[in-house]
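Reckoned from all heavy atoms, side chains included, excluding hydrogens, waters and symmetry mates.
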Amino acid sequence: MLDAPFYLPVGDEVALFRAAWEARLPVLLKGPTGCGKTRFIEHMAHVLPRRASNGHGDERLVTVACHEDLTGSDLVGRYLIKGDETVWIDGPLTRAVRHGAICYLDEVVEARKDTVVLIHPLTDHRRLLPVDKTGELLEAHPDFLLVLSFNPGYQSVLKDLKHSTRQRFVAIDFGYPPRDVEAQVIAHESGVEPRRALDLATLGEKVRHLSAAGTGEGVSTRLLIYAGQLIRLGIEPGRACSVAVSHALSDDPESQRAIDDVVGAIFG
Amino acid sequence: MTSSARSSVEQAAARLAGQARGAAAALRGRLPELALLAPAVLARWLDVGERVATLAPEASAAWAESDPEQLAGLDDDTLLAFVGLVRETAACAPALAVALARGTWSLLGRVPGSGIAAALQEAFAIFAEGGWRAERRAQLFLEASAGLGTLPPALLDRWHRLAPKLARQLDETQFFTALPASVGRWPEASQAAWLDLVHALAERSPVLATAVYRELPDALAPLARPLRGALLAALSQAAPALEPAELARALPVLGALVGSVPRPSHAVVRTMLADVAAHCPRALPGLLRVLPRLSDLANAERLAAWSRRGLALAAENGDAALAYFALASRTSLQVLHDAPTAAVLDELQGELRRYVQMLSAEPAVPRAVDGVRLRLPVEDDPAAHGMALPALVDVLETYEDNARLFRLLAAITTGRREFGTYARVALVASLRAAGEPPALEELVLLTDGYRVIRRLAERYPGLAADLAWAAPRLLARALPTAAPHLQLDALLTLALGDEALRARAPFWLRAAAALVLPALAPLGRSEATIDDSVAVARALAPLFAPPPDLNAGDAAFADLLPLLLDEYGGDTVTGDGSDAAAAGDEGDDPPARPLELPDDLALALGESLGELPDVAGLSPEELRRLIEAGVDLEMAQGRGQLAQQLGLFVTQLLGKRLGERATLAALDQAGVGAAPGLRLPHRDHTTAVYLYDEWDYVIGDYRRDWCRLREVAVTEDAGVFYEHTLARHAELVPEIRRHFQLVRPEAYRTLRGLEDGEDFDLGAVVDARAELRARRTPSPKLYTKRVRQERDVATLFLVDLSASTDESPGAATDGARIIDITREALVLMAAALEEIGDAFAIYGFSGQGRDNVEFFPVKGFDERLTPAVKGRIGGLAPRGSTRMGTALRHAVTKLKTVTAASRHLLLLSDGFPQDLDYGQDRQSHAYGIRDTATALRESQAAGIRPFCITVDAAGHDYLREMCDPHAYLVIDHVADLPRELPKIYQRLVRAS
């Protein structure tokens, strides 16, 4: 069996999720981009005990990246014409429901409202998925769990999670980890030496101060890991951070230069 | 007194008694004093008196009052010549002879006989004019020996001819005696220029001329001679073309303004003054006012280049040159900043702001201060998140180096926040409190600077490297003749450096360091706090005693200390005894020492300080900026003495510019450097003030920071008007709703013929099957998909709230005013838009003058149609003028924060753009129309689509000029507006 994906807990999120899993409560992960939500769910999908066998291989986590054009059939499934035949293909949601995996809808607020509403029947005690194209009324596998993620910073008046949807979920807040925890994560994931990892975590902390005023997103842990990897492979730290952080984060020359200046101050 | 001496005096008195009783009495009255004289002196004097009494009795009185010691130095020839002169004069005009004697006796020996003769000739010239006035004037002329001693003979007639011209302001007696003594030390050319200036001004403004006559010479006393000469020459040349009012504003502080020019730039400034006076005289007052700023922003070379550009501009466009030389136009500032190596705050502020915010976790609002130093000023009000930085750094060789230094300085301000400099409550106030040593603030900048920078260097290796790089370069700038505050800077640099650096320092600096550095050492520990810094500074204070003349109790003027020490070459602080006063320049006069400084200063400044709410000691920068900001200065009698001392003279400060200008922050909302819309956080209020440029078509350029816009809250009416309108137009509302609902944003279109999609296109599937059977390749495009019609629009409604909207078009609207109809239209629009969910905002605008443009937020983009918003729509009321350009620019700033694909700006107005100073020519609307047209073009360039709707029947006339043909609409019947507006919106916005 493969090793579980590495995840370093920041707070009590692991315990909370376990409890939600036991009760099969749907979960909403809230947090900015690149702070570990997806890694967290991958990790949990790996370590959680399965009640019943699904007899369909080892697929424990089905991830759907939501976007504006996501339609109901993208989630549930549709007919395809293959040669002479018309074949029903299950969508990712149906697969998870049928075979008992965790279905993870990432950035759910991007999807259209009429699509999101499809999941409502799965989130109450009935745990049903109506598939009207095939006329089925699927009952969810006991190991099925629905997990959504969204980034509250992105919200605009138009793109909003309706209350009828959000009040079906237990919400766990994710944020960027504190400096020393993040340093450990960076060190582990990128293989860079601990001192540098701490410097990178400090850089992350500083750059996130800029977003506090509403001038854009903070730097994700992921980007810092990229920077770490580049440093480990011999790229000079200033250049690595420039490529992985300042230019990745912003196209505004002033912001880029400002972040480069902070990099210069920290790394020497 | 020997009896013989006494008897001689008595005899002389007796002899005089016959002809000049007054003289005799005076003689007797002086007996006690004459008793103290040496007999020989007394004898000679009496002898002279004899001869005078015989030959020219008119001079007896003068002789009787004269100083016997003076005669000791005179030879007989001189005396005889003089007496002869008196005698001749007496033959024609006895009164004149008396005056001559009285006036010129004391000058005997000092002024050549020819001088006296020349004066006499002039007096006769005056006398010849005839009439008792002329006679009197001639007498006064002679009696006031001032002129004769001070001015060369050639200028005497220019001088006395002023007397009648200024007669209204200055009584003739006073005129002649009021000739400032300092003029006597000037070269003849300067004296002539000065007199010509007074003449030129006397025609149009006797008040100003009088001020120039009486007070200007002393105000200019501290200036270097060539500079003063150039200034006077320029003023007198330009005087005929000038507006007296403009010159009057600059006059009281002329000395300080010109004195602020650093020595290296003197030559350039002299040339510049001469050129401007010759080619563009009207620009001279404006130029003089901005001299301090110019000197800070540019070195001599840069200044010369700037001046050449300005003169070239003067040849083409006089008005543009006026704005250019007053640093009021964009071009002017750009040329000045265009030094290839200078790092300019305006350009770097976006980067530096973000940098400091990242490092310190607090926002940062840069404000420009003068001078590049490590010991930047601390913030008076840390909560305002200000950050003092130099306006320009041009002290190193290349641009990159200057920018690096700039970043280092910004990092130091960060360090203050991070390491608790502001943990001490009301830091600045406590440092300037009464009872504290006057140099305390400057010293705390040193000690706390040391503490903060050491901690910064520990925490950020990159900054430590920057510091090590900067230290030797900064040290190279330190000079023994530099002002004390720069020397403190050098000390700080040395303290932060290493042994190698200390070894390279000049001897005088090392000596000072030996005293100061050991005191700083404990501040390098990580537990040191701001209180420790203050304690160390206090301990060091005795080393840096100010000049003994200054009253140590006047702590409120501690800010002026650097200024004074600069101006008057204050006391040495190096401890090695060398005189820190500037080495003599080209034949300079010694500057006047401020002996009576504190009292007069307290007098003058105390009154004005009392009027201002928040000024606890004006810093030199603030004072200078004040002057440039065109603060109206009132000249009062009796303050002339102070003007002599300081050249800095502030009696009354008008206008509220002080708060805003002093905290010259550049917070750029749009995120683009040096763009319009600078935001100054107001010190006392929570309303923000925005500065916008304005297009002046006459000069063909933007006027920088010309208009001030404030956002003003609208009083709500609890939604009464809103509900009322909905009730009134009950039949209209459903119609609008229906109209809008026909084209709903949530509409989905079905796209067919896709290779992948949600569902089958049955028709295509059947065709495909048929193709297959016919053994042809079927098309794979069998699917359909439902796609949402994305409507990503945002609209800003900008409503003209000018006073004219208070009018009622009459019967057509049942007496309703234009403002009421507009409000109704807004209500209906808002109700409809809320239904369909399009993003929109409503703002009103009006104002009065360029300093007070008002912007009224009714609904922002991120607000919903809350009861408060409804109340505000009802609360809109007619106000003042219509400065459309500025309002449009602010609306564009608002729209820039919205990220919609399609952004619209709808302007609802009832007339043309007008305001009390919207252009110099109040009769013409051209300025306003051109500026508005430019603002509309700017909005288009920003990706916004403007549209103007007016209810002014004559709207076509000017809207044609301002807008594109399809970008405006004139509504013929005002009452139709509520019905028409949704239709217009539909056409414009929804069709896009």
Looking at [X] and [Y], what are the two nearest heavy atoms and their distance?
X	Y	result
A:L80	B:Y783	CD2-OH, 3.1 Å
B:K785	A:D69	NZ-CB, 4.5 Å
B:E351	A:R257	OE1-NE, 2.6 Å
B:Y355	A:A265	OH-CB, 3.9 Å

Q: With a 4.5 angstrom heavy-atom cut-off, could you sort out which part of A:T202 is near chain B: side chain, backbone, both or neither?
A: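 For A:T202, neither part sits under 4.5 Å from chain B.
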
Neighbour count >12 (heavy atoms, 6.0 Å) for atom [atom1], [X]:
X	atom1	answer
B:E755	CD	yes
B:K781	NZ	no
A:F267	CZ	yes

**Q.** salt bridge (charged side-chain N to carboxylate O under 4.0 Å, His left out) between B:R407 and A:D260, worked out
**A.** CA-CA 11 Å; B:R407 276 195 292 277; A:D260 285 340; over 6 Å; no

Q | When B:A410, B:A839, B:G757 are compared by non-hydrogen pairs under 4.5 Å with chain A, the top option | A |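 Option with the top pair count is B:G757.
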
Q.
Whether the side chain of B:R354 engages the backbone of A:I259 through a donor-acceptor N/O pair (distance < 3.5 Å, no angle test) should be reported.
A.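 Looks like no, no N/O pair under 3.5 Å.
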
Q: For the pair A:K206 (side chain) and B:L359 (backbone), establish whether a donor and an acceptor sit closer than 3.5 Å, ignoring hydrogens and angles.
A: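 Yes, A:K206 side chain to B:L359 backbone: donor-acceptor pair under 3.5 Å.
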
Q. When rounded to the nearest 0.5 angstrom, what distance separates CZ in B:R353 from OG in A:S255?
A.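 So the CZ of B:R353 and the OG of A:S255 are separated by 8.5 Å.
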
**Q.** Separation of A:L203 CG from B:M358 CE (nearest 0.5 Å)
**A.**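 If I round to the nearest 0.5 Å, the distance is 8.5 Å.
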
**Q.** Residues A:R78, B:D756; criterion side-chain contact (heavy atoms from CB on, under 4.5 Å); working and verdict
**A.** CA-CA 11 Å; A:R78 58 217 170 92; B:D756 191 18; 2.8 Å; yes

Below 4.5 Å from any heavy atom of chain A, which atoms of [X] appear? Answer side chain, backbone, both or neither.
X	value
B:V356	neither
B:R459	neither
B:L772	side chain

Q.
Counting C-beta onward and ignoring hydrogens, is there a side-chain heavy-atom pair between A:Y79 and B:D759 closer than 4.5 Å?
A.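 No, too far: nothing below the 4.5 Å cut-off.
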
